[in-house]
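So the structure is just underneath, and the comments pick up after that.
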Amino acid sequence: VKRVGHLEALLPSDYYPGKQAFELQSSIYVGRYGPLRRQDRKPESLFLCKSFIFQYEPSGYCFQVGEEIADEVQIVDIMDDATGLNHAAALKSLPTYVNEVGHDLSRLQNVFISDYEDRSIEYNFVLPDNQKLKVGDCTELLTNYYSAYERNRQRHGYGRANLYEGKRGDDHLASYIKDRLRERSDTLNVVTTIDLFQMVDVWESLRENVCKPIQKLLKRFLESGDSPLSNLQLVGLRRVFWLRNRFEEIVNLKSNKLQEEESDEDCFIQRALVAQCRSELSSIGFHPYFLTRALHDERKLESGNSIASEIQKEAVEEACFTLRRRVIRPFDEAVWCPIGRTLQKRLGVLVAEKLWSVEQTTDGTKVVSAQKELLESLIQAGEKSAAEVRLAASNRDLSKLSFHAGIGNGMILTGQLSDMLRLGKRTKSFFLDHQANTPKGYIAAVAKCISYMDSVVLGDLVPQGSENILLDHDELFVMRSTNLGGSDKLSELASVPVSLGEFEGAEPNVSWYIVWQVLFLVEAFAKAYCGENSVTGRLCDRLGVPPLLGQFATQRGIQTAVDKGFKKLCRPSTKIIYKPQLDLPQSIRRSRAHASPLVERVHAAGGNARLTPVNKETPPAAGKNKPVSSKKTKSAGTGGKRIAAVLIWQGKPDEPIEGGWPDGWTKQTYERQNGETKGQTDSYWYSRTGKKLRSINEIQRFLAFLDKNNGDEEIAWAAMKGKSPPKLPTEAQDLGQHIALKEAHL
C-alpha cells in the first residue's frame, strides 16, 4: 500500500474524514522556503554575479541571513545555477507555489512568514478572522512580501508605482532599459569591491556551475535544435563574457598598482592571486556562435522570442550602459521620437556586429580596422535616419516625429504661471536645448502662455482665462520652429513642442530633429566606440546641417536639470492616495510581539545590489562600511566624547572608473576610533577644485554633470545639488568653453 504524507510514513487508513467546519486556533506549518540544499547558501559576491548573469531573476527569490559565509554576507538562493530558475528541490517544496497579495486588497493573506534561528524561512498557514474551511473547500495560499518584493512587482507591472504613478513594467522597453541600467551599475559597483580571494572563488564557481552546463546545452541546440535552451541561458553566456571583461579591468588595475609597490610577502601573495585570477578569466571564452549567427538567428526559444531579438536587446542594453552619461533616458517616448528610438537600436546592433569579434584579440590593427568600419556604418545609419526625418516632414507623417507629453495623469499648471510670465523673461536655452527631464507637455503649455501674454501686452488687453491649466498626458507633440528675435546664428535650432491637434499648417523643425535625434546619437556612439573625438564636422557635412548647430548640440549635451517653473507650478490636480494594507488576523497580532523581524527581508527586491537585513542586531559583514548615522549619539566607552577619525591613507584614487579618473583628483581614507563601528573605514574623494564626494555613485553623477558642462566644476556641482549655477557671461563665448546665451526678453 502506498504511504502518504511528507515523510511517507502514514497509511490512508490512518486518516478519518472530518465532519465539521475547520476552525483554526493557531497555525499549520506549510514548509520551509529555503535553504533546501547546502549549496543554496552563497557568499554575496557570488550570488550578485549569478543574479546579473540571469537578468536579476534570482534576486526576486533570495533572502539574507545574519550568519556570514566565507567572511561575506550570506545569501540563501533557491535558484538553479545553470538555469536561473527554481531548482528541483524548490519545485518540490510547497512554499515555492505560495502567491502573494501584492496591492490587491480583494485578496486575503493567509500565509505568514517566520524564521528559524535566523537561518531559514518558514511558512505557516493561518485563516483570516471570521473564516472557516468546510470539508471539500479550497483556498489559495497567499502571503505578503511587503516592500521587499516591490521592485519585482514593478518589473511585472503590478507594483504601487505601476498602479498609482503610471510606471510601466518590463514589457515597456524604456522602463526595462532604465531598470536594467541601474541594476547593471549596481553590479559594477559591487565588482569593484571584490578582493582577489573572492574573485578566484567567484569565477571557479561560475565556470563550473554556470558556463559549462549552458555551453553543453548550446552545443546540443546548434547540432540538433532540440535542446531546452532558455533566453536567460543564452543571454547569460553573453553576460558572463561582459562581466569577465569588467573583472579583467579590475585585475589589470590591481596588477599595475602592485608593480608600483615594494616587494614583500603580502605583495608576493597578491601577485600570485592576480596570476590565478587571470588564469580563471582566460578560461572564459566568448562562444563563436555569438560572433557569426546569434545577432540574426530567427529560430525561436522556449519563451517564443527569436534568438536574434534577445541577443540584439542585450547588445542595445550594453550600448546604453556605456553611453549612460551621454544618451539620457534611452528609448523614452518623451525624449526620443520613433526615428530616434529606431536609430538607437540600429546603432547598438552595429556595435555588436563590428566589435564583438575583436573583444578578445590582442592585434591592434584588427581593432582599428573594425573601428573604422563601425564609424562608417554609424554615419550611414545616421544618413538613413536623417533622410527619414526629411521624408516624414515633407509627407507630414507626424507620427514618426512625435513625442509623448511626459507628464502624469491629471497634472495642472497653477495660476502662479501668469505672474511668472508677466516678468517677460525666458533664456534662449529654453528653446535651443533638448531637455530630458522637463516634459514636452509642460514646455508646450509655457510656450503657449508666453505667446498669449505677448499678444495681451501688444494689444494692451486684459488677460483672460482660468488660473489653472490642465495638462493632457495623452497628447502627442511635434517640435516646431520658433522666432528668437534678432539675427542669432543658432535661431535655426530654436523650437517649441506643439500638440498634434494644434499643428495644422505648421512645419516640423527638420534641423532640430536631425541635430538632436540623429547627429547627437551618432556622435555619441562614434566617440565611445571608435575613438573619434573630432567627428562632429564630418557628421554635419554628411547629414546636411550647419556645423555651428552640430557643435552646439554635441558640446551642450542633453540637459537633465528640471525647469524650476515645472517643479514649482506643475502638480497633480488630486492627491494620490495609496490604499493601506489589510489588518493581520488576531492570532498573528497576538504573537507579533514575539515574532522575528525577518518579514521585510524574505525576498530581496529584484536587482538590489546590496541586501540590508531588518534584524538590527545582525553585525555588518567584515570589510563592509556601515553608513554613518546623521544623528549624534554618545559613543560607548569614551565617556560620551567622540574621537575624530584618523587619516590612514591618502593618494590618487585606485578604484576603476569608466574613462579613467580626471587629473588632480585625490582620495582619503579614515579609520573610526570609537563606538560600535570602531575600526571601520570611510573613504572620501576630492575633485581638482576640492569638491568632496562620498561614494562611487555620487562621483559618477558628478562626472556626468561635468560632461554636460564642459568640465566646469562649479556649474556641474551646482547642477548636481539642484542649486542655481554661477552667473554666466552675458555674451555668447567660444563653443569650446561655455555655451552661454543672452536672456531674451520675449
Side-chain angles (χ1 to χ4, degrees), residues 33-37 39-65 69-70 72-87 90 96 121 145 148-156 170 176-194 198-199 201-211 213-214 230-247 250 284 310 313-314 317-318 321 601-613 621 624 697:
Y33 178 84
L36 302 172
R37 310 173 305 171
Q39 54 267 43
D40 286 353
R41 300 184 180 274
K42 290 184 173 65
E44 186 184 32
S45 57
L46 173 58
F47 171 77
L48 291 174
C49 290
K50 170 189 169 180
S51 184
F52 166 76
I53 290 169
F54 291 113
Q55 302 180 50
Y56 307 101
E57 193 69 24
S59 288
Y61 299 87
C62 70
F63 62 91
Q64 174 183 324
V65 298
I69 181 172
E72 286 192 69
V73 172
Q74 181 180 161
I75 306 297
V76 175
D77 170 33
I78 64 168
M79 310 297 270
D80 189 83
D81 289 340
T83 65
L85 302 175
N86 293 103
H87 55 57
T96 301
I121 295 295
Y145 299 131
Y149 199 67
E150 187 61 20
R151 189 173 292 181
N152 260 46
R153 296 189 194 107
Q154 291 180 8
R155 290 185 65 172
H156 294 93
D170 278 1
Y176 172 86
I177 292 291
K178 179 182 178 181
D179 291 340
R180 298 300 84 75
L181 294 189
R182 181 192 65 245
E183 292 162 350
R184 194 178 283 252
S185 181
D186 290 342
T187 302
L188 197 57
N189 290 339
V190 171
V191 168
T192 61
T193 67
I194 296 178
Q198 294 169 335
M199 200 178 297
D201 292 340
V202 164
W203 282 101
E204 281 181 351
S205 178
L206 292 180
R207 173 168 49 81
E208 294 298 323
N209 302 323
V210 177
C211 294
I214 299 178
S230 70
N231 62 308
L232 286 179
Q233 292 172 308
L234 188 65
V235 173
L237 281 180
R238 171 59 199 176
R239 288 189 163 222
V240 166
F241 191 74
W242 185 90
L243 196 61
R244 169 216 179 266
N245 290 342
R246 305 290 81 76
F247 271 95
I250 305 296
I284 307 294
E310 294 292 340
K313 191 175 182 179
E314 178 66 14
E317 182 186 328
E318 287 184 16
F321 181 77
R601 62 178 170 86
V602 172
H603 285 249
N608 248 355
R610 289 291 174 189
L611 315 177
T612 305
K624 303 291 189 298
N697 279 343

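Proximity of Asp186 to Val190: side-chain heavy atoms (C-beta onward) are nowhere separated by under 4.5 Å. You'll find the side chain of Glu204 reaches within 4.5 Å of the side chain of Asp201, heavy atoms only. Counting heavy atoms from C-beta on, the side chains of Tyr56 and Arg155 come closer than 4.5 Å. Using a 4.5 Å heavy-atom threshold, the side chains of Ser45 and Glu72 count as touching. Side-chain contact check for Tyr145 versus Asn152: every heavy-atom pair is 4.5 Å or farther apart. With contacts defined as side-chain heavy-atom distances shorter than 4.5 Å, the pair Val76/Gln64 does not qualify. Considering only heavy atoms from C-beta on, Val240 stays 4.5 Å or farther from Leu206 through its side chain.
Residues Asp81 and His87 bring no donor and acceptor atom of their side chains to less than 3.5 Å of each other.
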Would you check, one step at a time, whether the test side chain to side chain contact (heavy atoms under 4.5 Å, CB included) holds for Ile250 with Val191? CA-CA 8 Å; Ile250 305 296; Val191 168; 3.9 Å; yes
Could you walk me through whether Glu57 and Ser51 pass the side-chain hydrogen bond (donor to acceptor under 3.5 Å, both in side chains) test, one step at a time? CA-CA 6 Å; Glu57 193 69 24; Ser51 184; over 6 Å; no
Kindly determine whether Asn86 and Asp80 satisfy side-chain hydrogen bond (donor to acceptor under 3.5 Å, both in side chains), including the steps that lead there. CA-CA 6 Å; Asn86 293 103; Asp80 189 83; over 6 Å; no
Check step by step if salt bridge (charged side-chain N to carboxylate O under 4.0 Å, His left out) holds for Glu310 and Lys313. CA-CA 5 Å; Glu310 294 292 340; Lys313 191 175 182 179; 5.7 Å; no
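Here the closest heavy-atom approach between residue Ile78 and residue Ala90 is recorded as O-CB, 3.8 Å.
For Glu317, the salt bridge (charged side-chain N to carboxylate O under 4.0 Å, His left out) criterion is met by Arg184, Arg239, not counting sequence neighbours. Residues satisfying the salt bridge (charged side-chain N to carboxylate O under 4.0 Å, His left out) test with Arg238, not counting sequence neighbours, are Glu318, Glu359.
Aromatic rings of Trp242 and Phe52 (six-membered ring for Trp) have centroids within the 6.0 Å cut-off, being under it.
With respect to Arg151 and Asp179, no salt bridge is recorded, no charged nitrogen being found less than 4.0 Å from a carboxylate O. We find that Arg180 and Glu183 are joined by a salt bridge, their nearest charged nitrogen and carboxylate oxygen being less than 4.0 Å apart.
Using bins of under 30°, 30° to 60° and over 60° for the plane-to-plane angle, the ring pair Tyr33/Phe63 lands in the tilted bin.
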